[in-house]
Amino acid sequence: MENVVILGAGPSGCTAALYAARANLNPLVLEGELSREILPGGQLMTTTEVENYPGFPGGVTGPELCDLMKQQAVKFGARFVGKTAKAIELSARPFTIHSDDESWQTKSVIISTGATARYMGLESEERFMNRGVSACATCDGALPRFRNKPVVVVGGGDTAMEESLFLTNFASRVHVVHRRDKFRASKIMGDRVCAHPKVTVEWNSVVDEVLGADKEGVTGVRLRDVHTGETRDIACVGYFSAIGHKPNTDLFEGVLDRNETGYLVTQPNSTYTNIPGVFAAGDVQDHVYRQAVTAAGSGCMAAIDCGRWLEAQESPVI
Ligand code: NDP
């Protein structure tokens with residue numbers, strides 16, 4: 001029987017593992033298998049340079065940061081296995097977690113399965129991934145590649161607005177490509193974007209193809225007017241997809257409380273879900289901040305919440 005099984009090995013999972021290990025909980029981390037959908041380390045693994053994680057003034061690559069976090073947790077006894085949870089039984093304690101070929105019983109669970117940025121699904125997005133294609137301006141926007149050069153942001157929600165405004169700090173021009181003639185974003189954010197001298201909004205447009213070359217990476221995008229079907233090319237060195245994130249919560253449908261967009265709901269200022277003994281940390285429950293450092297912080301909170309909960313089960317106050 002495990003004390004705690006942690007699902008996911010991104011910043012929140014690794015930090016939860018570190019704290020749980022140091023609390024002598026001997027945590028087991030299911031870090032997922034090496035596949036495109038479920039990468040150990042989550043979204044960080046698809047990021048190149050991380051320049052905003054405190055403690056790394058020279059920057060650090062996403063995979064390197066994940067590896068360091070994992071090493072630190074392992075040093076204190078956390079166990080990582082390359083398995084993915086495929087089914088989970090939370091209706092009775094102990095909880096049971098199943099991978100394809102193994103099962104674990106556990107007193108508690110910390111869910112850090114993260115969220116996956118959505119892309120349009122173009123083959124050319126895949127081809128230039130990390131060579132101009134990104135889904136995180138906050139992570140990648142300040143890279144030298146984008147400095148004083150035009151970039152494109154796709155989307156009309158608050159994320160697209162935030163990412164566009166952030167990119168105006170670096171890029172020479174930000175083209176916001178939106179498929180309608182009105183933003184979904186809050187009015188204040190939309191107005192700010194429209195008024196910005198460095199922003200051009202490409203209304204009623206979608207990206208048909210990301211253009212580029214093997215050596216340079218992204219060199220432009222081909223836009224299509226959704227009404228006329230007309231296409232035109234825009235030169236740019238960056239293509240930022242900001243069409244939303246999908247939290248990785250399918251496994252918990254109907255079992256754990258989720259909000260209308262699928263994020264796990266935690267109690268205010270804690271990582272408790274609606275099932276006692278089940279905690280959620282990182283991007284799986286956070287649609288607002290979504291940063292490696294905030295995910296790590298909530299992983300720490302989850303391990304502390306979990307440790308206290310386990311202690312209360314074992315020595316209940318009568
Ligand atoms: P949203 O779902 O709000 O917006 C997604 C945008 O992408 C929409 O404009 C949508 O177009 C567009 N889109 C979706 N699919 C496609 C597609 N296939 N092709 C082209 N365009 C597409 O996601 P966000 O990530 O922006 O926001 C998620 C939530 O987080 C929201 O509630 C938002 O308010 C919140 N948020 C809050 C922030 C803040 O308060 N500071 C910052 C960031 C997010 P269409 O409009 O036509 O559907």
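As the structure lists them, so they are numbered: ligands from 1, and atoms in each ligand from 1. Since this is a predicted model, take the numbers as computed values, not measurements.
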Worksheet item: Would one find an N or O of G157, backbone or side chain, under 3.5 Å from an N or O of ligand 1?
Response: yes
Worksheet item: Nearest protein heavy-atom contact for atom 33 (C) of ligand 1: which residue, which atom, what distance?
Response: D158 OD2, 3.6 Å
Worksheet item: If you measure from each non-hydrogen atom of M120 to ligand 1, which part falls under 4.0 Å: side chain, backbone, both or neither?
Response: side chain
Worksheet item: With respect to F240, which candidate in V154, V152, V133, L167 satisfies the side-chain contact (heavy atoms from CB on, under 4.5 Å) definition?
Response: L167
Practice prompt. Answer yes or no: does an N/O atom from A160 fall short of 3.5 Å to an N/O atom of ligand 1?
Written response: no
Fill in: Residue and atom name of the nearest protein heavy atom (relative to atom 35 (C) of ligand 1), distance in Å to one decimal
H287 CD2, 4.1 Å
Item to complete: Would you kindly say whether R179 and N204 are connected by a side-chain donor-acceptor distance under 3.5 Å?
Response: no
Practice prompt. Around atom 23 (O) of ligand 1, find the nearest protein heavy atom and jot down its residue, atom name and distance.
Written response: G244 CA, 3.8 Å
Fill in: Donor-acceptor contact below 3.5 Å, side chain K149 vs main chain V237
no
Worksheet item: Where is the nearest protein heavy atom to atom 41 (N) of ligand 1: which residue, which atom, and how far?
Response: E162 OE2, 2.8 Å
Item to complete: Name the orientation class of the two ring planes belonging to F166 and F170 (parallel below 30°, tilted from 30 to 60°, perpendicular beyond 60°).
Response: perpendicular
Practice prompt. Considering only non-hydrogen protein atoms, determine which one is nearest to atom 46 (O) of ligand 1 and report residue, atom name and distance to 0.1 Å.
Written response: R180 NH2, 2.8 Å
Worksheet item: Residues two or more places apart in sequence or in another chain: which of them pass side-chain hydrogen bond (donor to acceptor under 3.5 Å, both in side chains) with R290?
Response: T159
Practice prompt. Give the residue, atom name and distance (to 0.1 Å) of the protein heavy atom nearest atom 24 (P) of ligand 1.
Written response: T159 OG1, 3.1 Å
Practice prompt. Kindly indicate, with the supporting measurements, whether the criterion ring-ring contact (aromatic ring centres under 6.0 Å, His included) is fulfilled by Y272 and F279.
Written response: CA-CA 5 Å; Y272 281 77; F279 304 85; 4.9 Å; yes
Item to complete: For atom 20 (C) of ligand 1, find the nearest protein heavy atom and state the residue, atom name and distance (0.1 Å precision).
Response: R179 CD, 3.7 Å
Item to complete: Give the residue and atom name of whichever protein heavy atom lies nearest to atom 48 (O) of ligand 1, and the separation in Å to one decimal.
Response: R184 NH2, 2.6 Å
